[in-house]
Amino acid sequence: MKNERVGEVVEYITSYIQQHNDDISINDGSNFVKEGLLDSFAILSLIMTLESEFNVKFKPIELANEELQTIKGLAQAVCNKWSS
Amino acid sequence: MSPIYSRFQQMVLLSPDKVALHIDEQHYTYAQLLDMVDNIAARILTHCNGIRPRVALITLDQIDNVCVSLALAKLGGCCIPMNAHMLPEQLQQACEAVDATMVIGKKAFIKKTLGQTQLTYLFTDTVDEQMNNIDMLSDLRVQEWMKADDYLITLSSGSTGKPKPIMISQDVKLARAEQTWSLYQLTANDIVLCASPFFHSLGQRLTFVPLLLGAEMVHLSRFTPAAWLAAVKLQKVSFIIAVSSHLYALKNSLLSNAQALNSLRTIVTSSAPIDAAFKAQVFQAIGCDFHEIYGATEIAVATNLAPKDASEKYQTVGAPCEQVNVLVLDEDLKAAEVGEIGQIAVKSPLRFNGYYKNESLSQAALKDEYFLTGDIGKVDHEGFLTYVGRQKDIIISGGINIYPKDIETALLKHELLNEVAVVGIDDSLLGEVIIAVCITDNNNNIEPELRKLSNKTLAPFQRPLKFFFPEFLPLTSTGKVSKLMLREEYCELNDGWTDMLRVMLYGEQTDE
C-alpha cells in the first residue's frame, strides 16, 4: 500500500515542479534544489504543500539528506511517514 | 544624445578589449558588448513600428538584461525589467500597467508565458533576416524619444494588484551610479559582484555601476554561498552590495574563507543589521570595509554608515549622503524633535521621476520636495538616522517587496474563507515570511485547498508559509484589523520556520 502511493506522490511533486518549469525534462531522480528547478520560495511552498496535502511533518534535519531533494526520495519519505 | 549610452561608449573606447562582464563561464569584452547592444538596438528600431519602444524585459539571462537596457538607452526607449517568475496573468497585468509596446526575451519562454497578445515580440535567441539600415543617433524619432523621463521603470512589486511603476530618467540613473562611485571611491580597477536579479533595483544598480565606470562586472545567475565564494575568489571581486538574506547565508563562510576573500575591499549592506563586533571581525580577517546604507528605489541611497563611525553609531544606518537631506516628520508632517520617532522623509537630487501614469500618487508621495518613505525612524543630534520599521503595510521577504492586499484578495476567492489578514513575521533567513490568519465558519481543514489556490494564483514569493485559523482577528480601537497585534502574536511562534530551506540550500545544520 505504502509503495503503491509513492507513485501518486511522485506525480504530485512532478506536477508541482512542472508548473514552475514548463519546458524542462525531469525524472524521478531529478534534484530540484541542485538543478535549480525551483527557487527558494517555491521549495518552501513545496514542502509546506506536501505537509498539508499528505498530512505529514518534516524536521529540518531530515531535509539535509540530499536524497530527499530528489522527487522520488522526497515522495518515498512522505510515504514512510505514514507507516512510522 | 543618450547620457547612459554615451558614457558606456566612452568606456568602450577607453578599453575595448577589457572584460566587462563575467556570467558563469562566459566572458564579454567592452567591444563585444557594444556590438551586441548596437545590434539589438537596430532590431528594436526595426520592429517598433515607429512608436517609442516601451519594452517589458522578461528574461533570466543577464546578457539580455545588459544589452537590451543599454540598447533602449541608445534609442531613448523605456526599459521595464520584470520578474520572469511571475505567473502569466501577473506578467500580462504588469505589461498593461506600464503600457508596454514590446516584449523582449527568449522565444520559447515568452511564447509559453504570454501566448498571443497585441504586443510586439522580439526574441534574443533568434536572428532577423532583414534589418533597416538606420542612422539611429540622427534619427529624428530617437531624438524626440530621448526627451522622455521614464528610461527605466522598476515595478515595486510582482503583484496581482496594482504594481507601483517607479520611473527613473537616464540622467538620474547616471547620477545614481556616480553617487556610488564617489561614496565607495570605486575606479575602473574594481571588480563588482552582482547576485541580485535585474528586475530588482539593486540588480540594476550593480549592473550600471561597473559598466559605466569601465570596471568588471561578475554576475551570479543563482545565489548559493558556495557559488558566491567561488566567484569572489576566482574573479578577485573587490566590491559587493549584499541583501540581508545573502549576507546571513554567508555569515559563517566569510570568516572561515577569509584567506580566499582578501580581494574584497568593500561590502555594503542594506537593511541587514549585522552587529558591529562581527563587522570588526571581518575587517580583521579580510581587511575589508563594511558600509550600512538606507535608501529606497524612489530616492537611491539616502544615508551611509561609514566604517569610521561604525563602532560608535552601530545602531544607526548612518548620516545623509552628499546633497541629501533627511527629516523625520510627525503625524502632521511637521519636523519632529531630535530623537523623536516619526516618518523618514528624504530630499535628494537623485529622486525618481514619479510613478508612471499616477500623478496623484506621485504628488502624495512628496511633501515640499521631500519623498515620504513610509518608513519610521529617528535622527540623533549629530544627524545619524536610526531605522525603526515600516509604516506601510508591506512585507519584504528575500529582498522582494510584497503587498499583503494582493495575497488577501487571492485567498478570499475561496468560498469558505470569511476574512483573512496577511502579515510578515520576522525571520532570520528571509527577513520576513508571510503568514495568513484566516477566519472561516467551516470546521473542516481548508488549508490544503488554500495552498492549492495559492500555488495556482500567486507567485512563489507571495505564497503564505503558514496558515492559521483562530476564531477572530484582533481589532484596533477604531475597529480595523490590527496587523501590529497579529505580528506580535505570531512572531513568537517562529521557531525556525525557514530552517528547512537553510538546510537544503546551504547545508547548514540546525539544532533539531
Side-chain angles (χ1 to χ4, degrees), chain A residues 5 8-9 11-26 30-78 81-82, chain B residues 60 83-85 87-88 106 108-109 111-113 197 221-224 226-227 245 249 397-400 402 427 429-430 433-434 445-452 454-456 458-467 495-512:
Chain A
R5 292 202 64 188
E8 177 194 335
V9 185
E11 201 174 310
Y12 191 92
I13 299 171
T14 304
S15 154
Y16 178 93
I17 293 173
Q18 278 171 339
Q19 184 198 331
H20 295 76
N21 301 273
D22 280 337
D23 273 344
I24 47 132
S25 73
I26 51 175
S30 297
N31 184 314
F32 51 84
V33 177
K34 288 228 158 57
E35 293 173 30
L37 301 177
L38 299 174
D39 68 16
S40 311
F41 296 101
I43 293 170
L44 272 178
S45 170
L46 168 65
I47 302 297
M48 302 312 291
T49 300
L50 289 175
E51 288 190 347
S52 135
E53 182 70 26
F54 296 106
N55 202 20
V56 294
K57 186 89 191 139
F58 283 102
K59 288 180 181 170
I61 194 71
E62 294 175 83
L63 297 163
N65 179 356
E66 284 196 13
E67 185 59 27
L68 270 63
Q69 298 174 8
T70 66
I71 296 172
K72 180 95 183 272
L74 185 57
Q76 186 69 59
V78 169
K81 283 185 177 289
W82 290 330
Chain B
L60 295 169
N83 181 350
H85 291 296
L87 299 173
K106 296 279 186 275
F109 181 79
K111 287 211 155 178
K112 176 110 7 197
T113 309
S221 301
R222 186 165 172 264
F223 173 85
T224 64
S245 55
S397 188
I400 301 176
I402 300 163
D427 184 77
L429 183 65
L430 294 173
V433 289
I434 300 167
N445 178 13
I446 60 168
E447 183 181 331
E449 289 174 32
L450 291 173
R451 287 203 181 275
K452 273 184 198 149
S454 301
N455 292 349
K456 196 173 162 197
L458 295 171
F461 58 85
Q462 292 176 304
R463 296 175 195 161
L465 181 66
K466 298 274 182 187
F467 288 85
D495 54 357
W497 291 339
T498 53
D499 282 352
M500 65 177 83
L501 190 63
R502 193 173 294 153
V503 165
M504 292 173 92
L505 290 182
Y506 311 134
E508 287 184 29
Q509 297 298 310
T510 61
D511 294 337
E512 197 182 1

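Naming convention: chains lettered A, B, ... in sequence-line order (proteins, then strands); numbering from 1 in each chain.
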**Fill in**
Nearest heavy-atom contact between A:D39 and B:P460 is OD1-CB, 3.9 Å
**Complete:** Here the gap from A:M48 atom CE to B:M500 atom CE, rounded to the nearest 0.5 Å, amounts to 5.0 Å
**Prompt:** Once you round to the nearest 0.5 Å, how far does CZ of A:F41 lie from CG of B:L458?
**Reply:** 13.0 Å
**Inter-residue atom distance B:M504.CE - A:Q69.CD, 0.5 Å rounding** = 4.5 Å
**Asked** Under a 4.5 Å heavy-atom cut-off, does chain B meet the side chain of A:Y16, its backbone, both or neither?
**Response** side chain
**Complete:** On a heavy-atom basis, the closest approach of A:S40 and B:L505 is OG-CD1, 3.5 Å
**Request:** Would you please name every residue forming a side chain to side chain donor-acceptor pair (under 3.5 Å) with B:K456, sequence neighbours left out?
**Result:** none
**Asked** Which residues in residues 30-37 of chain A have a heavy atom less than 4.5 Å from any heavy atom of chain B?
**Response** A:F32, A:V33, A:K34, A:G36
**Shortest non-hydrogen separation from B:V503 to A:P60 and the atoms involved** = CG1-O, 3.5 Å
**Request:** Identify which part of B:T224 has an atom lying under 4.5 Å from any heavy atom of chain A, answering side chain, backbone, both or neither.
**Result:** neither
**Request:** Calculate, to the nearest 0.5 Å, the distance between atoms CH2 and CG belonging to B:W497 and A:L44 respectively.
**Result:** 12.0 Å
**Request:** Give the member of B:T498, B:N445, B:L465 that has the highest number of heavy-atom pairs under 4.5 Å with chain A.
**Result:** B:L465
**Request:** Apply side-chain contact (heavy atoms from CB on, under 4.5 Å) to the pair A:S52 and B:F467, showing each step before the final yes or no.
**Result:** CA-CA 10 Å; A:S52 135; B:F467 288 85; over 6 Å; no
**Request:** Examine whether an atom of A:I43 lies under 4.5 Å from a heavy atom of chain B, and if so say whether it belongs to the side chain, the backbone or both; otherwise answer neither.
**Result:** side chain
**Message:** Counting only heavy atoms not in B:K106 (residues, nucleotides, ligands), do more than 12 fall under 6.0 Å from its NZ?
**Reply:** yes
**Request:** Select, from A:L38, A:L63, A:L46, the one with the greatest count of heavy-atom pairs under 4.5 Å involving chain B.
**Result:** A:L63
